[in-house]
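Here's the structure, in structure tokens; my notes come after.
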2 protein chains.
Amino acid sequence: MRRTPPRRPTIKDIARRAGVSESAVSFALNGRPGVSEATRERVRRVAEQLGWQPSTAARALSGEGAATVGLVLARPARTLGVESFFLRLVSGVQETLAARRFGLLFQVVEDLDAECAVYRRWWAERRVDGLLVVDPRAEDPRPGLLDGLGLPAVVIGAPAVTAPPGAAISTVWADDTGAMASVISHLHTLGHRRITHIAGLPELAHTRRRMACLRAEAARRGLPDARSVTTDYSDAQGAEATRRALAGPRPPTAIVYDNDVMAVAGLAVAAERGLSVPGDLSVVAWDDSVLCRNTHPALTALTRDTAAFGRRAAEHLLALLDGAPPRRTQDPTPTLLHRASTAPPPCEA
Amino acid sequence: MRRTPPRRPTIKDIARRAGVSESAVSFALNGRPGVSEATRERVRRVAEQLGWQPSTAARALSGEGAATVGLVLARPARTLGVESFFLRLVSGVQETLAARRFGLLFQVVEDLDAECAVYRRWWAERRVDGLLVVDPRAEDPRPGLLDGLGLPAVVIGAPAVTAPPGAAISTVWADDTGAMASVISHLHTLGHRRITHIAGLPELAHTRRRMACLRAEAARRGLPDARSVTTDYSDAQGAEATRRALAGPRPPTAIVYDNDVMAVAGLAVAAERGLSVPGDLSVVAWDDSVLCRNTHPALTALTRDTAAFGRRAAEHLLALLDGAPPRRTQDPTPTLLHRASTAPPPCEA
DNA sequence: TCAACACACTAAAGCGCATTAGTTGTTGGC
DNA sequence: GCCAACAACTAATGCGCTTTAGTGTGTTGA
């Protein structure tokens, strides 16, 4: 039983053991010129032997950055539906960051104002070198704020942001337009003409893109009854929106839900009203998940590699931190996984 | 358009503006004696005016700790079912940490070895002051490792850990035994005598507690056919275990699932075999979630305040960091939420 | 043969803060 | 009226690292 924890080794320890100065150690370990290959190798070995790792605090203090990026999730308490997407995204983000020994500082807050406050605090505390911004919205204050603070960022989910031209802000986004088009194509081909889109939060950029695409596709294909309604992503609002849609004068024969939770809730509403899925009503879920596979019937869903999406986002951020110019990148179009919840509409429709 | 980002204010800036030395500023802002009330107040005002926040790097370097705690999630890729529990837990953890301006460093890794490696690295890099350890298991190497490194920790999910007596390690855990007892009581009262428990990973401590309690209760009540089978928490293994249980010689009339995902998968298996729930088979899910509310029938589930659980865990860790002695705390017993998936067994049973 | 110069390395400063050891100026006690 | 005690403050040091400015040695060129 060792009561005193081991002291963390510093470059001073390495210097002593290797018989050189601390500066030489620093040069050697950082690949800087100024030491012979032999010395460099010796220092490396000693460092390894001692299990040395640079103190991020000391590094940060001497101007090297904190080797940490931040991610804030503004979650208005009720909106829990997007959970599984985020954990997969974060999991991908980590993979890339860990390879470069970057840490991820993670925080959940109530709303956008709190999120901005966290950014300011992290900046003042010098905690992070850059940020991953999720859930971009129209008139988003965050890109401007972060640019003002000089913090590089990658905005996940929107092609364009409201930030000055020179800002160190990259964007990555999913091809919501293409995805929505593929869904409408699938449903239209099956024979559906009355399609309702039960969307997520109206202020989010991707919600708007999906709604815009639905309108465009409906116009192009001559589907006057296609419409979108927005919700807060919760099962409760998803169910409520479903009830209203089905109770309307010209009820839809197909519903597209913006997340898995609402789709599942919608399925329950259909059952409660005695509608068979897919016989009377077809259902599509946006973003596949373990839920979609296990409902009865299993849900036709848009699927994509969310972890890979996260990896790419992190790569873009690391590139920015390395001084690369900002980029704008579209993710591959999600593919529609045909399961048992979509079929031709009932005959009388 | 401002091209040069604002410089972060330091205590030097405050000192200049307030007309005192840097040390006086430090004393004033940290509540240390050595400055008059008047000066202290003036310094505070200037600091506020400048939007000053202490640099965590500098603080960490001068021995104050990094104001950061870590949480590593070892997720063997397939095991995604526990997601919603973790996000709620983390969300609670944050609430407590944010109030004390602590950050949460979060990482997802593949397995236990990788998790231990992360602990070592964080320690060497001086990134964290303490850790939250989840998914404790029998013969868990982590408490010993962390004690050896001198890192305080709170183990979430087990009453006891294998660590030296003096270790700065607290534990908080849910009352799995009481919860399982309430489930068995409910089912037994309804008339069930053949109960199967489809559990999670066998190496986890709470899985063992649940299994042990099932055995004890079954013995006490004289239910020879009660048994547990372990899985990896995935919907696939949950479904598979359900199929095997139902195909056996004396199939259960009630199944208890260790998470919501497997319960939902089990529901699908019952449907596929033409069994009505709860007419032919009763189903109970451990941990309520949005899934349980939206299946058909809605699932009877054990429910608890996971965010509060996270808050308490974080409080215990902060207490340890403040030098308080380690504590062992049991969470309130989860309550069984009676929904539509449990009923008396069929008559011929 | 001596200056010019590259090379391998060391010394020293600085990042922002906490802290310890001074340095004043003011009271209090006798 | 003199020294001790104290309050209010400043100067200096160190945390671990990076980086700039040296310092000494050996090699080269004219």
Side-chain angles (χ1 to χ4, degrees), chain A residues 6-44 46-47 50-68 101 121-129, chain B residues 6-44 46-47 50-68 101 121-129:
Chain A
R7 215 172 49 79
R8 300 161 166 95
T10 71
I11 53 169
K12 187 180 282 179
D13 300 318
I14 302 177
R16 195 165 25 228
R17 297 259 298 236
V20 293
S21 70
E22 297 179 38
S23 339
V25 173
S26 179
F27 292 150
L29 294 173
N30 291 311
R32 293 273 184 293
V35 285
S36 66
E37 251 334 292
T39 307
R40 191 184 298 275
E41 197 41 53
R42 187 155 40 91
V43 167
R44 277 217 189 97
V46 174
L50 261 47
W52 177 86
Q53 301 278 36
S55 151
T56 43
R59 270 228 157 107
L61 205 52
S62 44
E64 288 300 277
T68 306
R101 339 209 88 192
R121 185 156 63 79
W122 280 353
W123 169 80
E125 294 179 346
R126 296 157 172 73
R127 271 186 185 274
V128 297
D129 302 328
Chain B
R7 214 171 51 78
R8 298 161 168 96
T10 71
I11 53 169
K12 186 179 282 179
D13 299 318
I14 302 178
R16 196 166 24 230
R17 297 260 296 236
V20 292
S21 70
E22 296 179 39
S23 342
V25 173
S26 180
F27 291 149
L29 295 172
N30 291 309
R32 292 272 184 293
V35 284
S36 66
E37 250 336 290
T39 306
R40 191 184 298 276
E41 198 40 54
R42 185 155 41 93
V43 168
R44 278 218 189 95
V46 174
L50 261 48
W52 177 86
Q53 301 277 38
S55 150
T56 45
R59 271 226 154 103
L61 205 53
S62 45
E64 288 301 277
T68 306
R101 340 207 88 192
R121 184 156 62 78
W122 281 353
W123 169 78
E125 294 178 346
R126 295 159 173 73
R127 271 185 185 275
V128 298
D129 302 327

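Each chain gets a letter, A, B and so on, in the order its sequence line appears, and its residues count up from 1.
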Would you kindly give the CD-to-P distance between B/E125 and D/dC17, to the nearest whole Å?
11 Å
Per-nt protein contacts along nucleotides 14-21 of chain C (heavy atom under 4.0 Å; B base, S backbone sugar-phosphate only, - none) come out as BBBBBBB-
Shortest non-hydrogen contact between B/Q53 and A/A124, atoms and distance:
CG-CB, 3.3 Å
What are the two closest non-hydrogen atoms of B/P9 and A/W123, and how far apart are they?
CD-CH2, 4.4 Å
Using whole Å, what does the distance between atom C1' of nucleotide D/dG16 and atom CZ of B/R127 come to?
15 Å
Can you check whether B/S36 has a side-chain N or O nearer than 4.0 Å to OP1 or OP2 of D/dA7?
no
Tell me the closest heavy-atom pair linking A/R59 and A/N30, and the distance in Å.
NH2-OD1, 2.8 Å
As a quick check of understanding, evaluate side chain to side chain contact (heavy atoms under 4.5 Å, CB included) for B/V20 and B/V43, giving each step before the final call.
CA-CA 9 Å; B/V20 292; B/V43 168; 4.2 Å; yes
Closest non-hydrogen atoms of B/L29 and B/A47, given as atom of the first, atom of the second and distance, are CD2-CB, 4.0 Å
Identify whether any heavy atom of A/V20 sits under 4.0 Å from a base atom; if not, whether one sits that close to sugar-phosphate; answer base, sugar-phosphate or nothing.
sugar-phosphate
Shortest non-hydrogen pair, B/R32 vs B/R40, comes out as O-NH2, 2.7 Å
